[in-house]
Protein chains: 2
Amino acid sequence: MKIALDSFDYKILGILQDNAALTNQEISERIGLSASQISRRRQKLEQEGVIRRYRADLNPQALGLLVTAYVGVTLGAHSRENAARFRTMVTAMPEVQEAHTMTGDVDYILKIVVPDLQALSRVINDDLLPQEAVQNVRSSIAMETLKDENRLPLRSTA
Amino acid sequence: MKIALDSFDYKILGILQDNAALTNQEISERIGLSASQISRRRQKLEQEGVIRRYRADLNPQALGLLVTAYVGVTLGAHSRENAARFRTMVTAMPEVQEAHTMTGDVDYILKIVVPDLQALSRVINDDLLPQEAVQNVRSSIAMETLKDENRLPLRSTA
DNA sequence: CTATCCAACGCAATTTTCATGCACACACCC
DNA sequence: GGGTGTGTGCATGAAAATTGCGTTGGATAG
């Protein structure tokens with residue numbers, strides 16, 4: 001199933017990506033399309049899976065989550081089961097916001113958000129390092145976040 | 001101004017963080033508080049800045065954004081202006097989802113999302129490397145994303 | 001122990017927003 | 001030229017959010 005999006009769809013996505021609290025009427029006024037059409041197009045986009053869901057974007061500072069860190073994990077040449085266990089574990093850890101397998105010298109990169117450095121240390125020493133599969137862990141702490149919008153770049157063409 | 005949150009607030013935040021499309025009535029049923037109170041508490045949380053905004057979470061695959069990369073940037077010992085220019089530039093680049101200044105041997109980590117490897121190469125060679133301040137760039141590509149929910153870990157206490 | 005106060009609560013009424021049936025317009029194909 | 005299909009705006013009915021209001025419960029002071 002091919003998904004065809006026109007420029008109205010892109011405009012709607014671009015707006016909703018920044019502010020999903022706008023009413024269809026407000027979106028309507030910004031892009032010059034009736035509110036009912038906005039509604040129908042949104043339904044389509046949701047059904048097609050282009051819009052995965054709607055989320056509240058919380059302020060980490062206000063919640064006492066002051067430390068963001070990127071942790072590079074290297075796995076040893078271990079059993080498939082241990083590696084699988086590592087992935088399951090990491091996926092289930094609430095402090096881990098993102099986890100990717102990477103090309104290059106590091107196998108995994110984890111984005112971790114915690115209240116303070118002590119909590120980071122706990123996560124690394126108690127949760128990550130004890131795992132069989134883990135050979136090495138290198139963490140780097142974000143001192144200042146310049147940008148963290150997780151806004152996808154929508155191609156302007158079409 | 002100290003922000004005091006009780007367990008109802010945490011429950012609301014936890015739910016909205018996963019699904020902001022739920023009605024107050026539905027949230028009400030899940031946590032045992034009337035819909036009108038959910039509404040009032042949400043207003044308070046929004047006003048206090050705990051809830052920053054509501055966003056549509058888009059599917060990168062469906063939009064042809066197939067490549068996620070983490071790029072570590074090292075700055076040379078250059079002028080303050082060049083460094084500032086770098087930060088401005090990076091903040092304005094749509095492909096850059098996140099940008100953090102880091103502790104350790106790398107000055108910045110950028111999370112970049114692009115359609116393909118060619119586009120990544122373009123970003124690095126045309127946008128990043130030509131900058132005065134930039135000394136070195138090392139990129140690592142995400143082969144598989146295990147987790148990318150950007151869900152903050154809300155402390156269960158209180 | 002009781003009176004008072006204040007914040008939080010639920011209910012119900014109001015207002016806003018959403019969803020959909022319907023008729024029309026435009027483009028494309030036969 | 002006529003028919004078909006997709007997309008559109010308008011208007012209506014349904015659903016949801018918001019808010020006024022009276023009440024409740026817990027803390028504090030007398």
Side-chain angles (χ1 to χ4, degrees), chain A residues 1-59 61-64 151-152 154-158, chain B residues 1-59 61-64 151-152 154-158:
Chain A
M1 184 186 69
K2 184 71 188 312
I3 300 176
L5 303 177
D6 67 9
S7 77
F8 280 133
D9 291 317
Y10 278 109
K11 283 177 190 165
I12 293 171
L13 292 174
I15 289 172
L16 286 179
Q17 169 162 238
D18 283 334
N19 186 356
L22 292 175
T23 65
N24 289 337
Q25 183 55 43
E26 287 169 315
I27 299 173
S28 160
E29 287 157 12
R30 298 194 189 189
I31 72 179
L33 195 66
S34 74
S36 59
Q37 286 312 89
I38 307 288
S39 176
R40 277 187 265 255
R41 282 168 180 265
R42 287 178 64 165
Q43 286 177 41
K44 183 161 62 82
L45 292 167
E46 289 161 15
Q47 190 182 349
E48 289 169 343
V50 179
I51 297 176
R52 281 200 286 224
R53 57 175 175 171
Y54 296 93
R55 322 196 30 185
D57 176 16
L58 308 185
N59 181 353
Q61 311 283 333
L63 293 162
R151 187 181 199 293
L152 296 181
L154 306 178
R155 82 160 197 287
S156 46
T157 54
Chain B
M1 184 185 71
K2 185 70 187 317
I3 301 176
L5 302 177
D6 66 10
S7 76
F8 280 133
D9 290 318
Y10 278 110
K11 283 177 189 163
I12 293 170
L13 292 174
I15 289 172
L16 287 179
Q17 172 163 235
D18 282 336
N19 185 357
L22 292 175
T23 65
N24 289 337
Q25 183 56 41
E26 286 167 318
I27 299 172
S28 160
E29 287 157 11
R30 296 193 190 189
I31 71 179
L33 195 66
S34 72
S36 59
Q37 285 311 92
I38 306 288
S39 177
R40 278 187 264 255
R41 279 169 183 266
R42 287 179 65 164
Q43 287 178 40
K44 182 161 64 80
L45 292 167
E46 289 161 15
Q47 189 181 351
E48 288 169 343
V50 179
I51 297 175
R52 281 201 285 224
R53 58 175 174 169
Y54 297 93
R55 324 196 32 191
D57 177 15
L58 308 185
N59 181 352
Q61 310 282 333
L63 292 163
R151 187 181 201 292
L152 296 182
L154 304 179
R155 82 162 195 287
S156 47
T157 54

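Please read these numbers as outputs of a predicted model, since none were measured by experiment. Values below: every heavy atom of this structure, side chains too, minus hydrogens, waters and symmetry copies. Below, read A as the first sequence line, B as the second, and so on, with proteins coming before strands; counting in each chain starts at 1.
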Check every nucleotide of DNA chain D for an atom under 4.0 Å from a heavy-atom of chain A, then give the first and the last such nucleotide from 5' to 3'. D:dG7 to D:dC10
Which pairs count as salt bridge (Lys or Arg N to Asp or Glu O under 4.0 Å) when at least one residue sits in residues 24-36 of chain B, sequence neighbours excluded? none
Touch class at under 4.0 angstrom, heavy-atom based, for B:Arg41 against every strand present: sugar-phosphate
Please assess A:Tyr10 against A:Ile31 for the test side chain to side chain contact (heavy atoms under 4.5 Å, CB included), listing each intermediate value before the final yes or no. CA-CA 10 Å; A:Tyr10 278 109; A:Ile31 72 179; over 6 Å; no
Considering only heavy atoms, which members of residues 18-32 of chain B lie under 4.0 Å from some atom of DNA chain C? none
Who passes side chain to side chain donor-acceptor pair (under 3.5 Å) against A:Asp18, sequence neighbours left out? A:Arg151
Using a heavy-atom cut-off of 4.0 Å to chain A, what are the terminal contacting nucleotides of DNA chain C, in 5' to 3' order? C:dT17 to C:dG21
Let me confirm one number: the CG-CG distance from A:Asn24 to A:Leu33, rounded to the nearest 0.5 Å. 10.5 Å
Calculate, to the nearest 0.5 Å, the distance between atoms CD and CD1 belonging to B:Gln17 and B:Ile51 respectively. 10.0 Å
Residues at least two apart in sequence or cross-chain that pass side chain to side chain donor-acceptor pair (under 3.5 Å) with A:Arg40, listed by chain then number, are A:Gln37
Whether over 12 other heavy atoms sit under 6.0 Å from B:Gln47 CD: no
Go through it in stages, so that I can follow the logic: the residues are B:Asp9 and B:Asp6, the test is side chain to side chain contact (heavy atoms under 4.5 Å, CB included), and I'd like the CA-CA distance, side-chain angles, deciding distance and then a yes or no. CA-CA 5 Å; B:Asp9 290 318; B:Asp6 66 10; 3.1 Å; yes
Can you list the steps and then say if B:Ile27 with B:Leu16 is a side chain to side chain contact (heavy atoms under 4.5 Å, CB included)? CA-CA 9 Å; B:Ile27 299 172; B:Leu16 287 179; 3.8 Å; yes
CG/A:Leu13 to NZ/A:Lys11 distance, rounded to the nearest 0.5 angstrom? 12.5 Å
